[in-house]
Asker: 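First the structure, which I've put down as structure tokens, then a few questions once you've had a look.
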Amino acid sequence: MAYAYLFKYIIIGDTGVGKSCLLLQFTDKRFQPVHDLTIGVEFGARMITIDGKQIKLQIWDTAGQESFRSITRSYYRGAAGALLVYDITRRDTFNHLTTWLEDARQHSNSNMVIMLIGNKSDLESRREVKKEEGEAFAREHGLIFMETSAKTASNVEEAFINTAKEIYEKIQEGVFDINNEANGIKIGPQHPTTNSTLPGNQGGQQAGGGCC
Amino acid sequence: MSDSEAIAAEATEVATEDGSPAETPDRSSPTTPDNSTDVAPTRKARRRPEIKPVAEVQENTKVEEQPAEAPTPSQSTVSQGGWGYWGSWGKTILSTATATVATVGQGLTQVIEKAETSLGIPSPTELSAQVEDEQEQAESSSETDRAKGDGSAAVESAMGMLSSLSSVVQSTGKTMITGGLDALEFIGKKTMDVIAEGDPGFKKTKVLMNRNSTLSQVLREAKEREELQTAEKESSDSDKKVVAHYGMLFDEFQGLAHLEALEILSRESESKVKSVLTTLSGEELVQLREDLDLIKESFSLVEFDDEEVDDKKDEDGSEFERELTEALEGLSVSATAEKLSKACSSTCSQITDMTKPEQEEEDSEDGVKKTLSVEEVHAAAIRSLAELTARSIELFHKLAEMILFSNSSTEASALSQLTVVLCKEISLLSKKFTSCLTTAGSNEKGDVLNPLITGVFLEASNSASYIQDAFQLLMPIVEISHIQRSAESTEQ
């Protein structure tokens with residue numbers, strides 16, 4: 001499948017907040033209550049459409065365990081978007097957000113779009129962190145905010161897609177230099193119709209070398 | 001963009017070249033179906049790790065280059081570090097080409113010496129110097145080419161290209177000597193053209209020699225080209241054929257992502273090792289250098305003899321699973337290894353399914369058995385190779401993470417053993433698939449079947465190269481892990 005852009009995402013946050021479950025729900029539309037502990041980083045990819053353009057999301061789902069932190073930090077670089085996830089039923093995961101945020105800002109590019117996600121919204125009875133608190137934290141640090149449930153799929157699509165929309169807008173505004181891959185954005189292979197005259201022109205090999 | 005088209009053309013060129021036995025004796029077997037199972041697809045890939053011959057050739061080149069100029073700096077730098085593989089490999093080709101030209105030059109002088117007396121032509125030394133000059137120009141112009149090299153280096157066709165490059169040069173040489181003096185101009189201009197521009201394989205090799213171009217970039221670009229081609233085909237071609245694109249499939253199985261992540265870890269470890277080396281001095285430094293040399297050594301000793309790979313064995317992939325488990329003992333990456341084993345056993349059962357109906361058909365000819373077309377078998381083969389390679393790269397990536405994470409002692413020899421096991425499996429499966437192809441295509445013409453068989457061998461050879469390159473990426477990781485461990489032990 002050809003795409004106009006490829007965005008690299010990272011998912012970060014404490015262990016057990018549901019990072020891998022969010023990814024699985026987004027890419028496979030299913031929920032797995034028991035998930036293996038993520039080692040280092042795992043991957044997922046999905047195509048979405050924004051403004052009539054095909055965009056491929058390449059998602060790096062990092063391990064939440066503290067002991068993996070030195071490895072996972074290496075992967076932050078070159079991400080266009082980050083999903084920072086906490087568990088609304090565990091206050092400590094919310095309290096750690098500042099550390100995660102500092103880490104993310106330090107090891108990635110400054111334009112990275114960060115989406116704060118309060119996951120497990122289906123477990124209303126066990127809620128420890130109010131929605132307003134999440135909103136306030138997001139406002140304070142300039143993040144987008146959403147509460148999701150990987151289990152019921154509530155807001156999962158929206159979380160991933162809204163992040164992409166924000167990145168897309170930044171591209172339109174010229175904030176992101178799309179030619180710099182360190183920004184986590186790659187331009188897809190050019191659409192064939194735009195250069196349909198070229199295939200017959202075998203002599204253009206030299207010239208073609210320069211454009212890629 | 002016209003590039004992609006050109007590369008497509010090149011790819012088919014390679015296919016046809018490889019199909020004719022006269023061109024490349026190494027690959028002649030695919031044309032004769034009976035022998036096809038004996039072909040070792042990874043044989044070429046295996047060559048690269050052999051350090052010794054490369055060193056020899058390098059020496060030769062130096063001797064030949066003395067009258068001209070010292071080797072260009074970039075040439076010597078490429079053979080360092082993780083990309084040393086590509087570097088020395090590319091260099092071998094370069095030297096083969098130069099060596100051939102040099103020999104041709106000598107032959108020429110003899111011809112000239114004879115003709116000179118009667119024709120009054122400049123002295124042979126002058127002429128041969130001219131050849132060298134031109135050669136030099138060719139090299140320097142290729143230098144600049146390299147800089148703007150489009151990185152589209154399809155590793156895929158490079159292999160075939162190399163042999164065709166040297167054969168072109170060689171045959172040019174023959175023509176030249178028999179053709180007499182006219183050939184001087186021919187060899188001067190033509191060889192330069194061939195080396196610098198005409199042969200895309202050489203261009204690609206140069207791109208591969210470029211340290212800035214990483215393996216994942218090479219693969220990503222190959223995939224993007226394929227995506228473009230598919231899009232073009234979809235719009236123009238109405239008849240639907242089963243086409244398998246290795247690069248796209250490799251990406252689908254997240255091979256690219258794992259490779260990119262592995263490259264990140266490898267790069268970071270490499271720079272850490274370097275900075276540690278700058279902080280040390282005296283005995284400590286000597287000791288560490290010795291240790292690192294030992295590690296490097298075990299990373300350069302990967303070799304396996306695919307003559308030994310017997311395609312009769314390992315029907316269901318259980319043998320592979322056993323060998324894999326053995327190689328991974330104590331490396332705690334069972335989950336990933338399981339994925340790889342599963343991919344392998346499903347490939348094996350696929351092959352079994354492919355071969356079974358054929359046999360039954362022989363018994364009862366009226367039976368309406370669904371036999372797969374050669375295109376379908378080919379597609380299955382490419383898909384399996386792409387999946388197994390992606391899973392292998394994933395395994396190496398997970399190993400890298402575990403080595404960095406646990407900081408337990410990891411024997412490089414275990415990793416090289418693993419590489420051998422993986423490459424063997426790729427070789428074995430490609431042999432099985434090509435024999436399926438020959439059976440399925442027994443009624444097809446050679447020009448339909450041969451490119452498909454060549455395609456499978458080509459991708460198998462590439463798969464083995466990718467696996468070996470991923471293995472090389474582990475070296476700085478093992479090094480930094482060693483450094484950290486010895487630092488911990490001295491602290492205690």
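What you are looking at is a predicted structure, and each value in this text was computed from that prediction instead of being measured. Order of the sequence lines sets the chain letters (A, B, ...), proteins ahead of strands, with each chain counted from 1.
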Asker: Between A:K8 and B:E260, does any side-chain N to carboxylate O distance fall below 4.0 Å?
Answerer: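 Salt bridge absent between A:K8 and B:E260.
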Asker: Select, from B:H258, B:E252, B:E268, B:E401, the one with the greatest count of heavy-atom pairs under 4.5 Å involving chain A.
Answerer: B:E401
Asker: Hey, are B:D251 and A:K56 close enough for a salt bridge, meaning a charged N less than 4.0 Å from a carboxylate O?
Answerer: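 Salt bridge present between B:D251 and A:K56.
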Asker: Examine whether an atom of B:E394 lies under 4.5 Å from a heavy atom of chain A, and if so say whether it belongs to the side chain, the backbone or both; otherwise answer neither.
Answerer: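 Side chain only.
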Asker: From the options A:I117, A:L22, A:I161, select the one residue that forms a side chain to side chain contact (heavy atoms under 4.5 Å, CB included) with A:V156.
Answerer: A:L22
Asker: Decide, yes or no, whether a salt bridge links A:K19 with A:D61 under the criterion of side-chain N to carboxylate O below 4.0 Å.
Answerer: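 Looking at A:D61 together with A:K19, the answer is no, because their closest N to O distance does not fall below 4.0 Å.
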Asker: Taking side chain as everything from C-beta outward and backbone as N, CA, C, O, which of these in B:H397 sits under 4.5 Å from a heavy atom of chain A? Side chain, backbone, both or neither.
Answerer: side chain
Asker: Counting only non-hydrogen atoms closer than 4.5 Å, does B:I264 touch chain A with its backbone (N, CA, C, O), its side chain (CB onward), both, or neither?
Answerer: side chain
